[in-house]
2 protein chains.
Amino acid sequence: MPETIRDPADPRLDPYARMRERDLVGRSGRFVAEGEVTLRLLLGPRARFRAESVLLAPERWPGLAGALAACPAPPPVYLADKAVMSAVTGFPIHRGVLAVGLRGAEPEPGALVPPPPAPVLVLGLAGLTNHDNVGAAFRNAAAFGADAVLLDGPSCDPLYRKSIRVSAGAALIQPFARLGPGRDWLALAETLGLETLALSPGGAGGLDGPDLPTRALLILGTEGPGLEAGLLARARALRIAMAPGFDSLNVATAAGIALHALARAQGRLVPRGPNRGGG
Amino acid sequence: MPETIRDPADPRLDPYARMRERDLVGRSGRFVAEGEVTLRLLLGPRARFRAESVLLAPERWPGLAGALAACPAPPPVYLADKAVMSAVTGFPIHRGVLAVGLRGAEPEPGALVPPPPAPVLVLGLAGLTNHDNVGAAFRNAAAFGADAVLLDGPSCDPLYRKSIRVSAGAALIQPFARLGPGRDWLALAETLGLETLALSPGGAGGLDGPDLPTRALLILGTEGPGLEAGLLARARALRIAMAPGFDSLNVATAAGIALHALARAQGRLVPRGPNRGGG
């Protein structure tokens, strides 16, 4: 049963305290997830992380009790009025659903990639320093069933609060790993038996050819500078065909379009969904 | 030649004053565009709106003088230090590039749609009340060469400051119109000779069929409630195939994927871009 907390200084709420300041400090061993959709993913069978605790406004408890009961090792649940939640976190909490998760150890990239001859779809993010774009790229990776997302050192943290939110919780279920310092994308791809595709407006190939690889590492860079020339020269550069005159796509949208094409070519997609009415 | 302004109370700067408060008030006859990419589109041959004036930090003038000289009817240019710009607008101006544009009269939807038998691609936004999503949808509409974007009454303003920014300026060149009060999407489509496609997770059809229409109105609703059942029942409902287990896409990303597929089927896209190196 949940425990009600009335004192914002209660030490059990310490991991929720001064959230925005902690956002600025960056990574620690914990992360914060907000909102019901995200919490359900964190408690569900596909979560890659363990919830350390859950903090709910009392009125949210009845709707979420079932999801907590279904969790094999349910975390402690604290109930606190939104005023207490806001006092602890330092900003207005509207939805009344927060959780603290534990990062655990990050896997090695190779541990996330099935060995040949299994089909593989990996998304590589190179220098993506915008949390919205990283979150949106994770959402697309999950929607199109990528095996893993790999991030280089400069790319930002998928478990940053805003990244998780923009990912619609995908950051909690989508396997990901960091490219170690000095590790080279193409060397890694070779080790894992993947063909490296680099998405770039200057790419010569398209996405609707019959020869899309069954084991693919798709790398995207930032919208401005794009991928570095050395990487482009060694990878197979693909571009998304666009209309004349406005050759500009958001990087996460570009990832979505390319992942959709690759996943379809690899037979990863469910062609016809259940009839869910207008949902 | 530009005129230097040192007094934040100079009446020529009135249209730039208290920008955030004006954002909250909503539409007027003017809009504000920020940043160099956006300004270049506003001054260029594809702009649908006239710039009333341009306000630059002095150090931005040399880089933009050419774009202003190339404009057939160049607007007045005011130069002001960023401190003056910030004092006028009410928030820190980092990039030092602002412009005020004039909305003019909004066209009728029918005026934007070529008559049969020309191929047509129109994006319809139904109840999109998030400025980021509207801006991102416009960016995708421009990238894939849509003839027009139509918005219903509840959808938010593409010329809101943030919409323009997220659209990467596409809102200034992409033709759009509002569905008048009480106007019905399907009745309008029939009048214009368009087939109505409704994108929905419950849709039965896919996007890779051979029978995509050459005159298409593609309607998207909000991520939560989606499109209303009455509209879905009367339109051809399509879904984007996704991986099992995470059936969730951002609405603008979904628009991008569907527009890409429709534009390709209609032969609107440039299959191979110029070799622009790593750009």
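The figures here come from the full heavy-atom set of this structure, side chains too, leaving out hydrogens, waters and symmetry mates. Order of the sequence lines sets the chain letters (A, B, ...), proteins ahead of strands, with each chain counted from 1. The structure presented is a predicted model; accordingly, all values stated were derived computationally and were not measured.
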Contact part of Leu259(A) toward chain B, heavy-atom cut-off under 4.5 Å: side chain, backbone, both or neither? neither
Residues in residues 131-143 of chain B near chain A [non-hydrogen atoms, under 4.5 Å]: Arg139(B), Asn140(B), Ala142(B), Ala143(B)
With chain B, which of Ala254(A), Gly145(A), Pro244(A), Ala146(A) has the greatest number of heavy-atom pairs at distances under 4.5 Å? Pro244(A)
Does any backbone or side-chain atom of Ala263(B) lie under 4.5 Å from a heavy atom of chain A? Answer side chain, backbone, both or neither. neither
Under 4.5 Å from any heavy atom of chain B, what part of Ala170(A) do you find: side chain, backbone, both or neither? both
Taking side chain as everything from C-beta outward and backbone as N, CA, C, O, which of these in Ile173(B) sits under 4.5 Å from a heavy atom of chain A? Side chain, backbone, both or neither. side chain
Using modelled atom types only, decide if a donor and an acceptor are shared between the side chain of Arg264(B) and the backbone of Asp208(A) within a distance under 3.5 Å. no
Test: ring-ring contact (aromatic ring centres under 6.0 Å, His included). Region: residues 198-239 of chain A. Which pairs qualify, not counting sequence neighbours? none
Could you give the distance from CD1 (Ile240(A)) to CZ (Phe144(B)), rounded to the nearest 0.5 Å? 6.0 Å
If you define the side chain from C-beta out and look only at heavy atoms, does anything of Gln174(A) sit under 4.5 Å from Phe246(B)? no
Chain A: which of Ile257(B), Thr253(B), Leu41(B), Val37(B) shares the most heavy-atom pairs with it under 4.5 Å? Ile257(B)
Identify which part of Thr222(A) has an atom lying under 4.5 Å from any heavy atom of chain B, answering side chain, backbone, both or neither. neither
